[in-house]
Amino acid sequence: MRHFLDINKTAPEDLRAMLAQAHAMKQARKGRPRGAPDGEQPLKGRMVALIFEKPSTRTRVSFDVGVRQMGGQTLVLSGSEMQLGHGETIADTARVLSRYVDLIMIRTFEEEALMELAEHASVPVVNGLTNRSHPCQIMADILTFEEHRGPIAGKKVVWLGDGNNVAHSFIHAAGQFGFDFTFSGPEGLDPEVEFIEEARSKGARVEIERDPARAVEGADLVVTDTWVSMHDSPSLRERRHSQLRPYQVNEALMARAKKDALFMHCLPAHREEEATSAVMDGPQSVIFDEAENRLHAQKAILRWCLGV
Ligand code: CP
Ligand code: NVA
């Protein structure tokens, strides 16, 4: 059975095949209404559960629409409304849901919850974000980069700000797709060492550069994300803001990257905090292509998981 739990747990050739299929499916739908069925209906007769223990706009809508375009059906469930939020174990939830549905996508807090679900489910499980990683986002981001600039291998990706779940999945991707990754943020907010060491062991160049201006030199892609994530205590806000203000992505910083560097943000963004509107809405920004590509990338992930 194929779970999609993390980019480092999926073979590079499978990741590549998913991106190629995502691109082809995207092209095949060009100009058609969003609700129109795909020519092929690979998920016909399949039921997909989408569980959210945290808020979501993109993940929720893109998975739901993607399954429907491919002929499947969805159940969107909020963790707090399930018995899962009231003491039923994850293992029992996994066993029960596996009797009703063909695939489970979950957005949750602890990575252990995702792993336990996958261990006890007899259907594929997809990671829709945990405190530690967000692999579906990065598949969409690689698709987006390559649509605009060609192969990402050997390119320089620079992450500004908090070394969070999205940063971690970028580091996984550096190892699997062979690009360089530079993290630029304050001490104490670095990505976990385990991610960095694993990507390095696969041959990726992963660096930490505290000076944001130096970090973005030669960058092909500049990326940032919110300074306070959903799993972070809101009480961190003030401290995070004072720590991370020097890492804001603004026009002056973008001007130090390569001329044709792209700007990405997984969204939701806090405009004028981690990035200025001038950058987000500027010519180098591909943030809404990233959002769209969640749909196409995830459709390919679902097909891979289900072998259809
Ligand atoms: N980027 C992303 O996962 O967005 P949502 O939180 O809206 O799903
Ligand atoms: N780092 C953010 C990503 C949101 C899609 C969070 O976890 O809140």
Side-chain angles (χ1 to χ4, degrees), residues 4-7 22 48-67 74 76-80 104-114 126-145 157 159-173 183-186 189-192 195 221 223-237 240-241 243-244 247-249 263-271 273-275 280 285-299 301-302:
F4 187 75
L5 300 178
D6 267 318
I7 287 184
V48 175
L50 307 172
I51 306 175
F52 291 91
E53 297 196 278
K54 288 174 175 169
S56 169
T57 297
R58 279 142 290 267
T59 307
R60 178 179 168 150
V61 178
S62 58
F63 267 108
D64 200 346
V65 170
V67 171
T74 56
V76 183
L77 303 162
S78 130
S80 60
I104 305 166
M105 190 291 312
I106 186 165
R107 164 169 290 193
T108 188
F109 288 85
E110 300 304 327
E111 184 177 63
E112 291 70 30
L114 169 78
V126 174
N127 176 359
L129 178 144
T130 70
N131 297 357
R132 264 187 120 207
S133 66
H134 196 5
C136 291
Q137 179 67 52
I138 276 43
M139 290 295 280
D141 292 355
I142 308 275
L143 179 63
T144 306
F145 183 89
V157 176
W159 178 278
L160 280 303
D162 180 25
N164 63 15
N165 44 7
V166 181
H168 283 161
S169 286
F170 250 114
I171 299 172
H172 276 158
F183 169 80
S184 189
L189 294 180
D190 289 348
E192 290 176 40
F195 289 80
L221 171 62
V223 197
T224 191
D225 186 14
T226 181
W227 288 341
V228 184
S229 283
M230 292 183 273
H231 60 272
D232 289 324
S233 160
S235 65
L236 286 172
R237 190 185 146 85
R240 283 282 172 91
H241 278 235
Q243 282 177 297
L244 287 165
Y247 298 92
Q248 180 192 69
V249 182
F263 170 73
M264 287 192 188
H265 188 312
C266 66
L267 306 178
H270 302 79
R271 285 173 177 260
E273 292 181 11
E274 68 268 14
M280 290 181 62
S285 173
V286 290
I287 56 177
F288 299 112
D289 292 339
E290 288 179 84
E292 176 182 344
N293 280 337
R294 293 292 303 277
L295 172 69
H296 308 296
Q298 287 159 192
K299 286 169 73 175
I301 292 168
L302 291 168

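Hydrogens, waters and symmetry mates play no part in the numbers below; they use all other heavy atoms, side chains included. Counting starts at 1 for both ligands and their atoms, following the listed order.
- Using a 4.5 Å heavy-atom cutoff, the side chains of Thr226 and Arg240 are not in contact.
- With 3.5 Å as the limit, one finds a donor-acceptor pair spanning the side chains of Thr74 and Asp64.
- When His241, His270, His265 are each tested for a ring-ring contact (aromatic ring centres under 6.0 Å, His included) with Trp227, only one passes: His241.
- Those atoms of ligand 1 that come under 4.0 Å of a heavy atom in His134, given as number and element, are 2 (C), 3 (O).
- Numbered from 1 in the order shown, with element, the atoms of ligand 1 that lie under 4.0 Å from a heavy atom of Thr57 read 5 (P), 7 (O), 8 (O).
- In terms of protein heavy-atom proximity, atom 4 (O) of ligand 1 is nearest to Arg58 NE, 2.8 Å.
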(request) Please lay out, stage by stage, how Thr59 and Leu129 fare under the test side-chain contact (heavy atoms from CB on, under 4.5 Å). (result) CA-CA 9 Å; Thr59 307; Leu129 178 144; 6.0 Å; no

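- Residue-ligand proximity: Leu267 is placed with a non-hydrogen atom under 4.0 Å from ligand 1.
- Distances between N or O atoms of Met230 and those of ligand 2 include at least one value under 3.5 Å.
- Against a heavy-atom cut-off of under 4.0 Å, Ser229 is close to the following atoms of ligand 2: 1 (N), 2 (C), 6 (C), 7 (O), 8 (O).
- Considering backbone and side-chain N/O atoms, Pro268 never comes within less than 3.5 Å of an N/O atom of ligand 1.
- Each of Glu112, Glu111, Lys54, His168 was checked for a side-chain hydrogen bond (donor to acceptor under 3.5 Å, both in side chains) with Asn131, and the lone residue meeting it is Lys54.
- In this structure, Arg107 counts as a contact residue of ligand 1, since one of its heavy atoms falls inside 4.0 Å of the ligand.
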(request) Show your reasoning for whether side-chain contact (heavy atoms from CB on, under 4.5 Å) applies to Thr130 and Glu110. (result) CA-CA 6 Å; Thr130 70; Glu110 300 304 327; over 6 Å; no

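- Checked by distance only, ligand 2 and His231 stay at 3.5 Å or farther apart across all their nitrogen or oxygen atoms.
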(message) Test side-chain contact (heavy atoms from CB on, under 4.5 Å) on Asp225 and Trp159; report intermediate values, then the result.
(response) CA-CA 9 Å; Asp225 186 14; Trp159 178 278; 3.6 Å; yes

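- Using a 4.0 Å cut-off between charged nitrogen and carboxylate oxygen, Arg237 and Glu273 count as a salt-bridge pair.
- The N/O atoms of Arg294, backbone and side chain alike, include one that comes under 3.5 Å of an N/O atom in ligand 1.
- Close approach of ligand 2 to Asn164 (heavy-atom distance below 4.0 Å) involves ligand atoms 1 (N).
- For the 3.5 Å distance criterion, the side chains of Thr224 and Glu274 fail to qualify, holding no donor opposite an acceptor.
- Under 4.0 Å from ligand 2, the heavy atoms of Asn165 that appear belong solely to its side chain.
- Closest to atom 3 (C) of ligand 2 among all protein heavy atoms lies Asp225 OD2, 3.6 Å.
- Residue contact check: Cys266 has heavy atoms under 4.0 Å from atoms 1 (N) of ligand 1.
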